[in-house]
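See structure below.
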Amino acid sequence: MPASQQLAEVALRTGTLPDLPQGHFIDGGFRPAAAGRHMESFDPGSAAPFADFACGDADDVAAAVESARRAFENVWRDVPAAERGRVLQRAAGLIREEAARLAVVECLDSGKPLAEAEGDVRGAARAFEYYAGACDKLQGDTFPIGPGYLGYSHHEPVGVAAQIIPWNYPISTAARGIAPALAAGCAVVAKPAEQTPFTALLLAEILKRAGLPDGVCNVVTGTGAEAGAPLVAHPGIDHVTFTGSVATGIDVMKAAADNVTRVVLELGGKSPVIVLADCERERALDGVMGAIFENAGQICSAGSRLIVERSLHDGFVAELCRRAEALTLGHGLRNPQMGPVNSAAQLGRVAGFIERARGRGVAIATGGGETADPESGRGWFYQPTIVADCAAGDELVCEEVFGPVLTVQIAEDAEHALALANDSQYALVAGVYTRDFATAHRLAQRLDAGQVYINEYFAGGIEVPFGGNKKSGFGREKGLEGLLGYCRTKSVAARL
Ligand code: NAI
Ligand code: MG
């Protein structure tokens, strides 16, 4: 039996896991909250608390920022790039060695199916591997400023980088922020979501074992209001990477503005998936299902608006409904096709969207109700839901639901599909399914989105820059552009 399954059985039997990290991770070690307070983390698959963690406040944040500042100025920024790369590479190896435990912890904390958590852990290892190789390729430039002069530039680390991490992809979001920050020579203070604190703590401890000097990567746990807000407002922070809701992103940007701190905002989405009549039907069906039902739809880049060409529509949507009804639901640790949503609050938000839609007379093609783990009768589950024939401008088409809810709109042709796709306050990603590559790339040029997926939704990995336009935010993570986000350019001009 694979190691992850053995551990999963322990967790299912006991309702928790042994040896979960205790306390914040500050200055190279675990320490309790300054005020001694704790919170509970819940297992969404059973709706029961399974472990305590430190509930931090401004004092813990201050200690973490001080520790990061010291480690940045005295140690990490002067560590040779190749050595930084070795530390990151060792971290990638340790993440792989510990993959089973990391995945089971992630699964218990977030609710997602074990196979998805395992994929997220592989993605986290890849982020460290990718940026390990990039450390010593951060090259500057030279400028032709004339005979008798020398002009050049190099990339300096920006300083201490804050990472505000959401609950939907805890370890992979932590890794995609922490790895490039460390690669650039920055120190980090991360604040995981209060729903899913544990894998960020485990990651910090792994980094220490990989040889990262004490204080370079700190993790403070707690709520957004008590720990997140003081972190982003702290004058010792030089850069904030925030992933989460638009409303909180606006607060974060305002707080950062007071210190003229740079921010990267990765906010919500309402991403369209355009399916044209000449697509490869099976591929499109698989793609649309994964785009909305992976992680129970709690994905910033979920493909939540299907825009399908009229001649394909009836059979395509009927088949989607059949597949949605056949999805197995259950506790994430039993590795179903779809798990619970992450919290009671999120379940209420999703249910509210559908209740309001019913109130407007919108017909629900399939799903549309709360449910439970069929084994235990517990947990925060919502049925895979498809809402056919939605009008542009309807709340369900305009707002991010962040749950397993797909809307369907009918397009007369590719141009009409493009217009429907771009009719959104969000612009994170867009998917296109067609066999005609000229059409695909013509659409890709004109779709308002940070990234476009052609014939495979979620294609690509850490190599590909990722981020949004419009209310989906700004700045790019992943790829070499993500690394440059943690750098500032210094140019030098000299008369010889
Ligand atoms: P949120 O944006 O409030 O929380 C995300 C993170 O920000 C958490 O770590 C939280 O503790 C922290 N935070 C909250 N207030 C803060 C503040 N004032 N300063 C600094 N950090 C703060 O999102 P929430 O309430 O968990 O979810 C609400 C909605 O947000 C969801 O229904 C979904 O639509 C969206 N969301 C989008 C995500 C994405 O991947 N883009 C991820 C999570 C939520
Ligand atoms: Mg939890």
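Model, not experiment: these values are computed from the prediction. Residue numbers run from 1 in the order of the sequence given. Each ligand, and each atom within it, is numbered from 1 in the order the structure gives.
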Query raised in the report: Are Arg31 and Asp60 close enough for a salt bridge, meaning some N to O gap below 4.0 Å?
Result: no
**Report entry** Ionic contact status for Arg101 with Asp19, cut-off 4.0 Å
**Finding:** no
Nitrogen or oxygen contacts under 3.5 Å, ligand 1 side and protein side:
{"residue": "ligand 1", "atom": "2 (O)", "partner": "Ser245", "partner atom": "N", "Å": "2.8"}
{"residue": "ligand 1", "atom": "2 (O)", "partner": "Ser245", "partner atom": "OG", "Å": "2.8"}
{"residue": "ligand 1", "atom": "2 (O)", "partner": "Thr248", "partner atom": "OG1", "Å": "3.3"}
{"residue": "ligand 1", "atom": "3 (O)", "partner": "Thr248", "partner atom": "OG1", "Å": "2.9"}
{"residue": "ligand 1", "atom": "9 (O)", "partner": "Ile165", "partner atom": "O", "Å": "2.9"}
{"residue": "ligand 1", "atom": "9 (O)", "partner": "Lys191", "partner atom": "NZ", "Å": "3.3"}
{"residue": "ligand 1", "atom": "11 (O)", "partner": "Lys191", "partner atom": "NZ", "Å": "2.7"}
{"residue": "ligand 1", "atom": "11 (O)", "partner": "Glu194", "partner atom": "OE1", "Å": "2.7"}
{"residue": "ligand 1", "atom": "11 (O)", "partner": "Gly224", "partner atom": "N", "Å": "3.2"}
{"residue": "ligand 1", "atom": "19 (N)", "partner": "Ala229", "partner atom": "N", "Å": "3.4"}
{"residue": "ligand 1", "atom": "26 (O)", "partner": "Trp167", "partner atom": "NE1", "Å": "2.6"}
{"residue": "ligand 1", "atom": "27 (O)", "partner": "Arg349", "partner atom": "NH1", "Å": "3.4"}
{"residue": "ligand 1", "atom": "32 (O)", "partner": "Gln346", "partner atom": "OE1", "Å": "3.0"}
{"residue": "ligand 1", "atom": "32 (O)", "partner": "Gln346", "partner atom": "NE2", "Å": "3.2"}
{"residue": "ligand 1", "atom": "32 (O)", "partner": "Arg349", "partner atom": "NH1", "Å": "3.0"}
{"residue": "ligand 1", "atom": "34 (O)", "partner": "Glu400", "partner atom": "OE1", "Å": "2.8"}
{"residue": "ligand 1", "atom": "40 (O)", "partner": "Asn168", "partner atom": "ND2", "Å": "3.3"}
{"residue": "ligand 1", "atom": "41 (N)", "partner": "Gly244", "partner atom": "O", "Å": "3.3"}
{"residue": "ligand 1", "atom": "41 (N)", "partner": "Leu267", "partner atom": "O", "Å": "3.1"}

Requested in this report: Measure from the ring center of Phe53 to the ring center of His38 and say whether it is less than 6.0 Å.
Outcome: no
Query raised in the report: Would Ser343 count as a contact for the Mg ion (ligand 2), in the sense that one of its N, O or S atoms lies under 2.8 Å from it?
Result: no
Report summary line: Taking the Mg ion (ligand 2) as the apex, Phe42 O and Asp109 OD1 span an angle, rounded to 10°, of 110°
Report summary line: Applying salt bridge (charged side-chain N to carboxylate O under 4.0 Å, His left out) to Arg122 and not counting sequence neighbours gives none
Report task. Considering only NZ, NE, NH1 and NH2 on the basic side and carboxylate oxygens on the acidic side, decide whether Arg334 and Asp373 come within less than 4.0 Å. Result -> yes
Report task. For the pair Glu129 and Arg126, find out whether any cationic side-chain nitrogen is under 4.0 Å from an anionic carboxylate oxygen. Result -> yes
Query raised in the report: Can we say Glu106 and Lys112 salt-bridge, meaning some charged N sits less than 4.0 Å from an Asp/Glu carboxylate O?
Result: no
